[in-house]
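This report refers to the structure that appears directly beneath it.
Note that ligands are numbered from 1 as they come in the structure, with each ligand's atoms numbered from 1 the same way.
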Amino acid sequence: MASKSVSATAGSRQSSASSTGSIDPFSVAQVYYGPETDFTTHKMSNLIRTRTLSTVQTRSTNNTPDFLKSVPRRRASQDAQSLTPRKFLVDVNLTLQALLESEDTDGNMQITIEDLGPKVLQLGTANSNGFNKFDIRGTYMLSNLLQELTLAKEYGRKSIILDEQRLNENPVSRLSRLIRTQFWDSLTRRIDASLLEVIAVDPKNRSKDQSPRIYVPPTEKEQYEYYVMESSKRPHLNLQVEYLPATVTAEWVKSVNEKAGLLALAMDHVVDEFTGQSTLRGKPFVVPGGRFNELYGWDSYMIALGLLVDGRVDLAKGILENFIFEINNYGKILNANRSYYLSRSQPPFLTDLALKVYEKTIFEPGALELLKESFKAAIVEYKQVWMSSPRLDKESGLSCYHPDGIGIPPETEASHFEHLLMPYAEKHKLSLEDFQRQYNDGIVKEPALDEYFVHDRAVRESGHDTTYRLEKRCANLATIDLNSLLYKYEVDIAHTIRTMFGDQLVLHDGSVETSASWDRRARRRKNLIDHYLWDEEKGMYFDYDIVQKKKSDYESATTFWAMWAGCASPKQAARLVSDALPKFEEFGGLVSGTERSRGVIGLDRPNRQWDYPYGWAPQQILAWVGLIRYGYEEDAERLVYRWLYMITKAFVDYNGIVVEKYDVTRPVDPHRVDAEYGNQGADFKGVAKEGFGWVNASYTFGLTLITSHARRALGACTPPGLFYASQYSYV
Ligand SMILES: OC[C@H]1O[C@H](O[C@H]2O[C@H](CO)[C@@H](O)[C@H](O)[C@H]2O)[C@H](O)[C@@H](O)[C@@H]1O
Ligand SMILES: [Ca+2]
């Protein structure tokens, strides 16, 4: 029989069957465990045959288990001598059961360094028909076995031929392969019939009305009709389709908190391959993961950096097009596309994303047009969102996070505000629930709480929810983060109008933009940042309080964003490296804020997830790029190594885990984060299939910034101290 080629589905670019007929041991799960590789169907005999076919014994005995009978046999002695990588013949259910019984001693369906099993399990080789046994040893290989068996079971396989290479794969190769071939696909969404059931789910929605709902902008009649039609085809979904009002106010947003829903995004006209009729198809995007099952603002930018490295330009472009749709229809890039996020944005990265997508699509038709639309949208966003009331502080000329909104943010976890609200509930002699309802409905008035929530919403807009840096004051802070990002917008807009659009960009309202005014804006902001935010004595930037009229003294890793944006002078950058960097560099990379700035925590002052000792992917990425931009490659590489080491080690020791954030001070179990809603990405049974969006991206992107020597050390899980000590001893 000629070798059969098995094709991967869209998005999974891996080869699956080689020309010699063997299955690529690193094929995506849907191929590796798909029907095409199922030898029990008798179609696959030459995929499991080794090269020395003459030695194969095909006769089975009475003692041979049923699932092995169709497997060609080979002399037992060949296993030990063979130079070809080993393959195992595995009964999926029996092995899974045995593995969990002996190795998952804490019963959490993961095999980790905390389990106290013998750390060894025997598998029979395929060549010996299962007769010759080999030990699978150690947490990493055993947990990979658990992951593979879990997947095989999900694909309905009873027995498999399993490559040893899939169990002892270099962890850096394994994680980057999984991100590239599996995690991005698992996190990809479109808002159309193909994925309605998946994207409508909102684990954050605690309202009584749990019907899935989609809100459509009033001008998008075609979309509205499409969703009504698709909803009628799926009565079991009970999908409610509603138009948004022409003007969305804070009152309206609050009024639909009990009817929370998805917000429509960009769609393409396509021809349905079955009916031949024209229909709509949602433009794709990538969600962060865990409880975050929608298109986020700044997560998406970070995610796109990883997608572009992994060759998923289609998805990065989809994100960009959806951002443009959001600005054109909702007036801003939303915190995320659910109704309760309508008044709120997130840190802006549109111009940089547009330029990066353009670089990768430069020869595609429509690339320049998309760049133009992106910059038109960015200018609208810049002026209407960031440089208008209430976000613009006219006195300083700087901008603050300051979204509109009424009441308690409904998407937060149930207990988040308990501590804050309980005294008010007691004061009004109401239960907590009744107090929350009456306060939200304006029946009880509490101006101090109103003020608290103005800042709380601003914290969420900043993306840094939550931290003592911003609590109770965020809307009053002209932060170094936001103003660096706006400086980058100004520089990008000036440069792009000048170099790409003949120094003239006509907006949709007919107004004309030229580079000169954007150059002026950038120069002015740099002066303002130097004046209000730079602290010459401390050698770093701080946020500026526009009400107290003084700098905050909280030391935040966002100080490095000025380097990312290019608004630090070379001298300022040198101070940031010599004076600030040592304050933030921890075992696993940069910490969000210093311990001193966070202050003492305890029962009455719980830990916040954006404070010490936690580190987040976007903070790392922006600092790496900033350091490289100013020529501090060695510092950047060391920070990349620390971060990637921490992720790799947790991945190896904890059953393939990849989470939303890490405790960068913990060398052993950095994924353990108890603050606020815990850690997203940790809650899986058997196998992690998504990772977490921006951490996936930081891994993929980070690997492009280190040498192959460092990559090899990472694959061997060499701790940063050891790796750098050995490096320096050679110098
Ligand atoms: O539900 C609580 C909060 O969750 C979000 O914030 C966190 O997750 C986001 C998605 O990964 C991320 O963008 C943000 O930086 C995180 O702090 C959400 O953005 C908040 O608005 C929400 O209140
Ligand atoms: Ca376990």
Side-chain angles (χ1 to χ4, degrees), residues 99-117 119 139 142-143 146-147 187 202-206 260 286-303 333-349 401 403 405 408-417 453 456-467 469-470 474 481 558 592 608-611 614-619 653-657 659-661 669 673 675-682 684-687 690-698:
L99 180 64
L100 288 169
E101 265 169 20
S102 71
E103 299 292 346
D104 179 22
T105 56
D106 61 9
N108 68 347
M109 299 294 283
Q110 298 175 9
I111 294 174
T112 73
I113 52 168
E114 287 166 21
D115 287 308
L116 303 172
K119 301 281 181 197
T139 301
L142 290 166
S143 81
L146 173 61
Q147 294 165 45
L187 294 169
D202 181 5
K204 298 180 291 329
N205 183 4
R206 282 182 278 116
V286 176
V287 300
R291 70 203 290 259
F292 305 114
N293 185 27
E294 46 273 313
L295 171 78
Y296 278 77
W298 75 317
D299 294 65
S300 297
Y301 168 75
M302 304 295 159
I303 287 169
I333 295 175
L334 298 170
N335 182 149
N337 65 318
R338 298 269 176 198
S339 52
Y340 44 78
Y341 288 136
L342 262 166
S343 315
R344 205 189 299 159
S345 190
Q346 268 198 328
F349 287 90
Y401 294 109
I408 305 167
E411 79 284 1
T412 53
E413 60 284 19
S415 62
H416 186 78
F417 295 112
F453 284 115
D456 181 81
R457 280 187 292 272
V459 174
R460 293 169 200 285
E461 181 164 86
S462 80
H464 293 70
D465 47 284
T466 64
T467 156
R469 167 166 80 110
L470 306 174
C474 186
D481 10 321
T558 50
S592 273
R608 300 296 195 210
Q609 61 176 358
W610 282 89
D611 283 326
Y614 306 120
W616 292 72
Q619 306 286 26
D653 289 347
Y654 287 90
N655 206 119
I657 203 168
V659 283
E660 179 193 25
K661 62 213 165 221
D669 50 358
V673 172
E676 308 194 44
Y677 51 74
N679 218 344
Q680 301 301 297
F684 58 86
K685 303 266 175 260
V687 60
E690 311 183 326
F692 194 84
W694 58 23
V695 173
N696 300 343
S698 70

Next item on the list: Dump the intermediate steps for salt bridge (Lys or Arg N to Asp or Glu O under 4.0 Å) on E294 and R338, then the final yes or no.
Entry: CA-CA 7 Å; E294 46 273 313; R338 298 269 176 198; 2.3 Å; yes
Margin query: Looking at Q346 and G297, would you say the former's side chain and the latter's main chain have a donor-acceptor pair under 3.5 Å?
Written below: yes
Ligand 1 polar-atom proximity to protein (N/O, under 3.5 Å):
{"unit_1": "ligand 1", "atom_1": "1 (O)", "unit_2": "R291", "atom_2": "NH1", "d": "2.9"}
{"unit_1": "ligand 1", "atom_1": "1 (O)", "unit_2": "E411", "atom_2": "O", "d": "3.3"}
{"unit_1": "ligand 1", "atom_1": "6 (O)", "unit_2": "D465", "atom_2": "OD1", "d": "3.3"}
{"unit_1": "ligand 1", "atom_1": "6 (O)", "unit_2": "D465", "atom_2": "OD2", "d": "2.8"}
{"unit_1": "ligand 1", "atom_1": "11 (O)", "unit_2": "D299", "atom_2": "OD2", "d": "2.7"}
{"unit_1": "ligand 1", "atom_1": "13 (O)", "unit_2": "W298", "atom_2": "NE1", "d": "3.2"}
{"unit_1": "ligand 1", "atom_1": "13 (O)", "unit_2": "D299", "atom_2": "OD1", "d": "2.5"}
{"unit_1": "ligand 1", "atom_1": "13 (O)", "unit_2": "Q346", "atom_2": "NE2", "d": "2.9"}
{"unit_1": "ligand 1", "atom_1": "15 (O)", "unit_2": "W298", "atom_2": "NE1", "d": "3.2"}
{"unit_1": "ligand 1", "atom_1": "15 (O)", "unit_2": "G463", "atom_2": "O", "d": "2.4"}
{"unit_1": "ligand 1", "atom_1": "17 (O)", "unit_2": "G463", "atom_2": "O", "d": "3.3"}
{"unit_1": "ligand 1", "atom_1": "17 (O)", "unit_2": "D465", "atom_2": "O", "d": "3.2"}
{"unit_1": "ligand 1", "atom_1": "17 (O)", "unit_2": "D465", "atom_2": "OD1", "d": "2.9"}
{"unit_1": "ligand 1", "atom_1": "17 (O)", "unit_2": "D465", "atom_2": "OD2", "d": "3.0"}
{"unit_1": "ligand 1", "atom_1": "17 (O)", "unit_2": "W610", "atom_2": "NE1", "d": "3.1"}
{"unit_1": "ligand 1", "atom_1": "19 (O)", "unit_2": "N335", "atom_2": "ND2", "d": "3.1"}
{"unit_1": "ligand 1", "atom_1": "19 (O)", "unit_2": "Q346", "atom_2": "NE2", "d": "3.4"}
{"unit_1": "ligand 1", "atom_1": "21 (O)", "unit_2": "N335", "atom_2": "OD1", "d": "2.8"}
{"unit_1": "ligand 1", "atom_1": "21 (O)", "unit_2": "R344", "atom_2": "NH1", "d": "2.8"}
{"unit_1": "ligand 1", "atom_1": "23 (O)", "unit_2": "E411", "atom_2": "OE2", "d": "2.5"}
{"unit_1": "ligand 1", "atom_1": "23 (O)", "unit_2": "R460", "atom_2": "NH1", "d": "2.7"}

Notebook entry, point to check: Any luck finding a side-chain donor-acceptor pair between Y677 and E660 under 3.5 Å?
Noted result: yes
Next item on the list: List for me each residue that meets salt bridge (charged side-chain N to carboxylate O under 4.0 Å, His left out) alongside R457, sequence neighbours excluded, and say none if there are none.
Entry: none
Margin query: What protein N/O/S atoms are there under 3.0 Å from the Ca ion (ligand 2), waters excluded?
Written below: D104 OD1, D106 OD1, N108 OD1, Q110 O, D115 OD1, D115 OD2
Check: Looking at the rings of F417 and F453, which for Trp means the six-membered one, are their centres under 6.0 Å apart?
Finding: yes
Check: If you measure only the distance, is there a donor-acceptor pair under 3.5 Å linking the side chains of Y340 and D202?
Finding: yes
Notebook entry, point to check: With distance as the sole criterion, is a donor-acceptor pair present between the side chains of T467 and D611 under 3.5 Å?
Noted result: yes
Note to self: Can you list everything that forms a salt bridge (charged side-chain N to carboxylate O under 4.0 Å, His left out) with D481? Sequence neighbours excluded, please.
What the structure shows: R469
Next item on the list: Look at the rings of W694 and W616 and say which category their plane angle falls in: under 30° parallel, 30 to 60° tilted, over 60° perpendicular.
Entry: perpendicular
